[in-house]
Amino acid sequence: MKSPEASPLQTHPQSESDPPFNNPSQSVDFIREIINQDLKEGKNNGKVITRFPPEPNGYLHIGHAKSICLNFGIAEEYNGVCNLRFDDTNPEKEDVEYVDSIMEDVKWLGFDWEDRIYFASDYFEQLYLYAEELIELGKAYVCDLTPDEIREYRGTLTEPGKESPYRSRSIEENLNLFRRMRAGEFPDGSKSLRAKIDMASPNLNMRDPVLYRIRRVKHHRTENKWCIYPMYDYAHPLSDAIEGITHSICTLEFENHRPLYDWFISQLNTKSIPRQIEFARLNLTYTVLSKRRLIELVQNKFVDGWDDPRMPTLAGLRRRGFTPLAIRNFCSAIGVAKSDSVIDIANLEYFLREDLNKKAVRVMAVLNPLKLVIDNYPEDKVEELDAENNPENPAAGTRKIPFCKTLYIEKEDFREDPPKGFFRLSPGKEVRLKHAYYITCEKIVKDPKTGEIIELHCKYDPNSRGGWTTDGRKVLGTLHWVSAPHAKEAEIRLYSHLFLKPDPDDVEEGQDYKSNLNPNSLTILNGCKVEPSLMQAKPGIPYQFLRQAYFCLDSRHSSTEKPVFNRTVTLRDTWGKIEKSQRRKE
RNA sequence: UGAGGCGUAGCCAAGCGGUAAGGCAGCGGCCUUUGGAGCCGCCAUUCCCAGGUUCGAAUCCUGGCGCCUCAGCCA
């Protein structure tokens, strides 16, 4: 445990209204450790300023959420701020559609950049001036080598590169050429501005990296103002410095770029000295999390858009019914470190269920209906029974549900020949209808042709109203049901993992991850019977369909006549597990 | 045979010379008008391997091994 003054977590306790910070261990990750040390040494005047720097070339996914939670979370804990900065230095791939979705997703997760929304493109002029400064320092030059030649000159991992023949141009010539590059005097790709560092460096990033390229491409913000665009390695550290970022947190693949990051900061006299820290990106089992692949899934119609509920994008997860708190709790629970890791997706599902359990209204819905008639129940009688909305939260109150002679129950809740341990309905067996009565099955009606069970006849015990008797009778099984004449029809969409294997890259020679796509990741059920209250469902409100799963109204396919529900995540299924292991034994 | 990282349970992850936290998964049990939730218990004599230093090593030293990243005018 660190001393109290070393831990801002303790000097700035979270208020009551803050979501629970799910880190019972109280251990501090290596990034916060570094920040604590910097603070102790009095760096940055005791300030902590971070940034979340997405490139607007795709939708945000759960991996970005880890970074967002880290950057905004750290800012909050240390009483600092976190900027939202779009890293839009490559107009060929970027689009406003993406900046809009990114803003929506960050907000949805519950983070606030206030007025600090920035674009690297806002710094193009300043960045250009810095480049001239570098030229004047003799630290950058205009190079006429083609991309192919640059690659050849760069050398390899084990052999040093060789210097460009243009490396020794005079400062005046470089300045002149660079200005003319900006003025549009040279064709695309014909020249580049390069840093003059060390062609023999063991770190390839230091072998005279390109700073500016010529590209006549319309930028989504600066439009046609520029025909030269800065490279990430150059723009990023300087953008950080311009914003006064103290800790520039990024993923591991940029570790090799840190010497270059520091080089720019030390060559140019920036007023602030940002520090880059790298952590391991998130990987999830049964999931693919690279922009290249996600965009491929969308463009080749393997899924129905960026917000397909099977996608790991924040838009997809939101539509699927995930809550921001579940994602945030997940992100803080998995930790931050430097070892490449793959998180079991069961973790995500755990934190989802944990949150949904507290929030979801319990309702009854029958996915695969089986008609059930209570023979000894009066023909035209309808009762209004009380049902609690959420046993985890009595304040959620109760509602009335209609009950009568004809009901639907779930097909899989009846077995003519029950296996051992099955305590749902079977011939002669008494079970409880949730919130209603005890019933006993007396007769099965089958389709004479197919043998399929199409109707059940039962008797009920009038003394068990509400699902209780006073005689201490033990009724183990409880079934959900819906009144047949009152039930509404709904479409229900069941989702499972998009990929068949924990590691989508686990493929046969010559195949790629797409061969592991799960052909059954979406199952559409029609003719589902739901209780009437569900006709008031709104997207974004979580429901628990009792004994089954959490669901939410689909924001795209629902209509007033026919609601469509997405299965967010199943309930834990202990019986399913038992049955599975029984089957294994046989 | 270059450089930079990383190796602690099935999956994450603490640990910072004093005798292996916590979470997920799994497995038992209790409880239950959701086979849900909740509760209780179990789950690393050992930290990639081999030597060394030390009264004492996951932690320090030496030497191996394994994995990841880098040869875009992408980020």
Side-chain angles (χ1 to χ4, degrees), chain A residues 22-29 33 53-55 57 87 89-90 92-93 143 145-147 150-152 154-161 188-194 201-207 209-215 229 231-233 235-236 250 252-259 278 280 285 291-292 330 333-351 353-354 357-358 362 364 388 391-392 421-424 432-436 438 464 466-468 475-480 502 544-549 570-579:
Chain A
N22 208 316
N23 186 354
S25 65
Q26 289 296 312
S27 60
V28 167
D29 60 67
E33 221 164 78
E55 184 190 11
N57 69 343
D87 219 330
T89 55
N90 182 8
E92 291 180 38
K93 294 183 179 169
C143 184
L145 254 25
T146 66
I150 287 186
R151 190 183 326 116
E152 279 168 36
R154 186 155 32 226
T156 68
L157 294 176
T158 50
E159 303 154 31
D188 284 10
S190 62
K191 284 181 166 45
S192 61
L193 184 72
R194 293 228 259 161
S201 172
N203 182 338
L204 304 218
N205 295 123
M206 302 300 271
R207 320 241 262 229
V210 170
L211 269 38
Y212 273 90
R213 70 282 217 184
I214 305 174
R215 285 279 178 285
Y229 291 99
M231 301 288 290
Y232 166 87
D233 279 325
H236 204 88
C250 64
L252 244 29
E253 67 269 27
F254 294 103
E255 205 159 25
N256 294 335
H257 297 238
R258 193 169 64 231
E278 312 85 11
T285 55
K291 278 192 188 173
R292 208 209 93 232
F330 165 76
I334 58 176
V336 183
K338 293 192 71 157
S339 56
D340 292 307
S341 58
V342 184
I343 308 288
D344 189 334
I345 197 160
N347 281 274
L348 217 208
E349 293 167 349
Y350 171 85
F351 289 102
R353 290 190 183 105
E354 180 188 60
N357 177 48
K358 291 176 195 142
R362 272 60 169 177
M364 295 202 283
E388 64 185 342
E392 303 295 319
F422 184 85
F423 51 77
R424 278 113 100 142
R432 170 171 37 240
L433 294 176
K434 179 79 177 175
H435 305 306
Y438 291 174
S464 62
W468 273 121
V475 174
L476 228 40
T478 301
L479 270 43
H480 61 275
Q544 185 195 104
F545 290 6
L546 226 51
R547 304 207 303 133
Q548 306 188 92
T570 60
L571 254 30
R572 277 186 57 217
D573 182 11
T574 306
W575 167 243
K577 225 184 280 177
I578 294 168
E579 218 181 8

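Chain naming here is simple, since letters A, B, ... match the order of the sequence lines and numbering starts at 1 in each.
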Trainee: Test side chain to side chain contact (heavy atoms under 4.5 Å, CB included) on Thr89(A) and Tyr229(A); report intermediate values, then the result.
Mentor: CA-CA 6 Å; Thr89(A) 55; Tyr229(A) 291 99; 5.6 Å; no
Trainee: Please state how far atom CG in Asp344(A) lies from atom P in A13(B), giving the value in whole angstrom units.
Mentor: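 The answer, rounded to whole Å, is 13 Å.
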Trainee: Strictly by Watson-Crick or wobble contacts shorter than 3.5 Å, is anything paired with U32(B), and which nucleotide is it?
Mentor: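 Pairing partner: none.
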Trainee: Protein within reach of the bases, or only the backbone? For nucleotides 70-75 of chain B, mark each nucleotide 5' to 3' as B, S or -, using heavy atoms under 4.0 Å.
Mentor: BBSBBB
Trainee: Decide side chain to side chain contact (heavy atoms under 4.5 Å, CB included) for Glu388(A) and His435(A); before the verdict, give the C-alpha distance in whole Å, the side-chain angles of both, and the deciding distance to 0.1 Å.
Mentor: CA-CA 9 Å; Glu388(A) 64 185 342; His435(A) 305 306; 4.1 Å; yes
Trainee: So what does Ile343(A) touch, heavy atoms closer than 4.0 Å: a base, only the sugar-phosphate, or nothing?
Mentor: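 The residue Ile343(A) makes sugar-phosphate contact but no base contact.
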Trainee: Restricting to non-hydrogen atoms, name the atom on Lys434(A) and the atom on Leu546(A) that form the minimum distance, rounded to 0.1 Å.
Mentor: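 Looks like CG-CD2, 3.5 Å.
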Trainee: Let me see the working for Val210(A) and Arg194(A) under side chain to side chain contact (heavy atoms under 4.5 Å, CB included), right down to the final yes or no.
Mentor: CA-CA 4 Å; Val210(A) 170; Arg194(A) 293 228 259 161; 3.8 Å; yes
Trainee: Which heavy atom of Asn57(A) sits nearest a heavy atom of Lys93(A), and at what distance?
Mentor: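 That closest heavy-atom pairing would be CB-O, 3.4 Å.
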Trainee: Looking only at heavy atoms, which two atoms of Thr285(A) and Ile345(A) are closest? And how far apart?
Mentor: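 Looking at all heavy atoms of both residues, the shortest contact is OG1-N, 2.8 Å.
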Trainee: Using whole Å, what does the distance between atom P of nucleotide C67(B) and atom CG of Leu252(A) come to?
Mentor: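 Distance check: Leu252(A) CG to C67(B) P gives 17 Å.
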Trainee: Expressed in whole Å, how much space separates the C1' atoms belonging to A21(B) and C12(B)?
Mentor: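 Going atom to atom, C1' in each nucleotide, I get 14 Å.
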Trainee: Taking atom P in both A25(B) and C40(B), what distance in whole Å separates the two?
Mentor: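 Between the two P atoms, the distance is 16 Å.
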Trainee: Give me syn or anti for G72(B), where syn covers glycosidic angles within 90 degrees of 0.
Mentor: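 Because its glycosidic torsion lies within 90° of 0, G72(B) adopts the syn conformation.
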Trainee: Locate the shortest heavy-atom distance separating Gly189(A) from Pro147(A); write the atom from each residue and the value.
Mentor: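 That closest heavy-atom pairing would be O-CD, 4.4 Å.
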Trainee: Any heavy-atom pair between the side chains of Ile343(A) and Leu348(A) that's under 4.5 Å?
Mentor: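 Sidechains of Ile343(A) and Leu348(A): no contact.
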Trainee: So does Glu255(A) reach the base of C68(B) with its side chain, donor to acceptor, closer than 3.5 Å?
Mentor: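 In this structure, the two groups form no donor-acceptor pair.
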Trainee: Expressed in angstrom and rounded to an integer, what is the separation of Asn347(A) atom CG from A25(B) atom P?
Mentor: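 To the nearest whole Å, that distance equals 7 Å.
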Trainee: Using the P atom as the reference point in each nucleotide, state the distance between U45(B) and A58(B) in Å, no decimals.
Mentor: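 My reading of the P atoms in U45(B) and A58(B) gives 13 Å.
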Trainee: So, does Ser339(A) get its side chain near the phosphate of C67(B), meaning an N or O under 4.0 Å from OP1 or OP2?
Mentor: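 For Ser339(A), the contact criterion (side-chain N or O under 4.0 Å from OP1 or OP2 of C67(B)) is not met.
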Trainee: So which one's nearest nucleotide on RNA chain B is more toward 5', Glu159(A) or Thr285(A)?
Mentor: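 That would be Glu159(A).
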Trainee: What N/O pairs connect the protein and nucleotides 35-42 of chain B at under 3.5 Å? Give each pair on its own line.
Mentor:
{"unit_1": "G35(B)", "atom_1": "OP1", "unit_2": "Arg547(A)", "atom_2": "NH1", "d": "2.8"}
{"unit_1": "G35(B)", "atom_1": "O2'", "unit_2": "Trp575(A)", "atom_2": "N", "d": "3.4"}
{"unit_1": "G35(B)", "atom_1": "N7", "unit_2": "Arg424(A)", "atom_2": "NH1", "d": "2.8"}
{"unit_1": "G35(B)", "atom_1": "O6", "unit_2": "Phe423(A)", "atom_2": "N", "d": "2.8"}
{"unit_1": "G35(B)", "atom_1": "N1", "unit_2": "Gly421(A)", "atom_2": "O", "d": "2.7"}
{"unit_1": "G35(B)", "atom_1": "N2", "unit_2": "Gly421(A)", "atom_2": "O", "d": "3.3"}
{"unit_1": "G36(B)", "atom_1": "OP1", "unit_2": "Thr574(A)", "atom_2": "OG1", "d": "2.4"}
{"unit_1": "G36(B)", "atom_1": "N2", "unit_2": "Arg362(A)", "atom_2": "NH2", "d": "3.4"}
{"unit_1": "G36(B)", "atom_1": "N2", "unit_2": "Glu392(A)", "atom_2": "OE2", "d": "2.9"}
{"unit_1": "A37(B)", "atom_1": "OP1", "unit_2": "Arg572(A)", "atom_2": "NH1", "d": "3.4"}
{"unit_1": "A37(B)", "atom_1": "OP2", "unit_2": "Arg572(A)", "atom_2": "NH1", "d": "3.1"}
{"unit_1": "A37(B)", "atom_1": "O2'", "unit_2": "Asn357(A)", "atom_2": "ND2", "d": "3.0"}
{"unit_1": "A37(B)", "atom_1": "O2'", "unit_2": "Glu392(A)", "atom_2": "OE1", "d": "3.2"}
{"unit_1": "A37(B)", "atom_1": "O2'", "unit_2": "Glu392(A)", "atom_2": "OE2", "d": "3.0"}

Trainee: Taking all non-hydrogen atoms of both residues, which atom of Pro391(A) and which atom of Arg362(A) are closest, and how far apart?
Mentor: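 Minimum heavy-atom separation between Pro391(A) and Arg362(A): CD-NE, 3.8 Å.
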Trainee: When rounded to the nearest Å, what value does the distance between C1' atoms of C16(B) and G26(B) take?
Mentor: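 That atom pair is separated by 32 Å.
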Trainee: Expressed as a whole number of Å, how far does the C1' atom of C30(B) sit from that of G35(B)?
Mentor: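 After rounding to an integer number of Å, I get 15 Å for this pair.
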Trainee: Rounding to an integer number of angstrom, what distance separates G17(B) and G4(B) when you compare their C1' atoms?
Mentor: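 Here G17(B) and G4(B) have their C1' atoms 29 Å from each other.
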Trainee: Using the P atom on both, measure C65(B) against C24(B) and round to a whole Å.
Mentor: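 Looking at atom P only, C65(B) and C24(B) are 39 Å apart.
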Trainee: Could you pick out which residue, Thr158(A) or Leu546(A), lies toward the 5' side of RNA chain B when each is mapped onto its nearest nucleotide?
Mentor: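 In this pair, the answer is Thr158(A).
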Trainee: Look through every strand shown and name the nucleotide pairing with C70(B) as Watson-Crick or G-U wobble, where both distances are under 3.5 Å.
Mentor: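 Pairing partner: G2(B).
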Trainee: Identify the nucleotide, in any strand shown, that forms a Watson-Crick or G-U wobble pair with G18(B), with both distances under 3.5 Å; if there is none, say none.
Mentor: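 By the stated definition (distances under 3.5 Å), C55(B) pairs with G18(B).
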Trainee: Could you tell me the separation between the NE2 atom of His257(A) and the CG atom of Asn205(A), rounded to the nearest 0.5 Å?
Mentor: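 CG of Asn205(A) is found 4.0 Å from NE2 of His257(A).
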Trainee: Would you say Lys338(A) reaches G7(B)'s phosphate, i.e. side-chain N/O to OP1/OP2 under 4.0 Å?
Mentor: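 For Lys338(A), the contact criterion (side-chain N or O under 4.0 Å from OP1 or OP2 of G7(B)) is not met.
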Trainee: Check Ala549(A) against Thr570(A) and note the closest heavy-atom contact, atom names and distance.
Mentor: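 The pair with the smallest heavy-atom distance is CB-CA, 3.5 Å.
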Trainee: What distance, rounded to whole Å, do you find between the two P atoms, one in C43(B) and one in A20(B)?
Mentor: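 It works out to 14 Å between them.
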Trainee: Across all strands, who's sitting opposite U62(B) as a Watson-Crick or G-U wobble pair, both distances under 3.5 Å?
Mentor: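 For U62(B), the partner nucleotide comes out as A50(B), under the 3.5 Å rule.
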Trainee: Under 4.0 angstrom, heavy atoms only, what part of the nucleic acid is Val336(A) near: base, sugar-phosphate, or nothing?
Mentor: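 Sugar-phosphate contact only - Val336(A) comes under 4.0 Å of backbone atoms but never of a base.
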Trainee: Any strand is fair game: report the nucleotide pairing with C27(B) by Watson-Crick or G-U wobble, both distances under 3.5 Å, or none.
Mentor: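 Check on C27(B): paired to G41(B), both distances under 3.5 Å.
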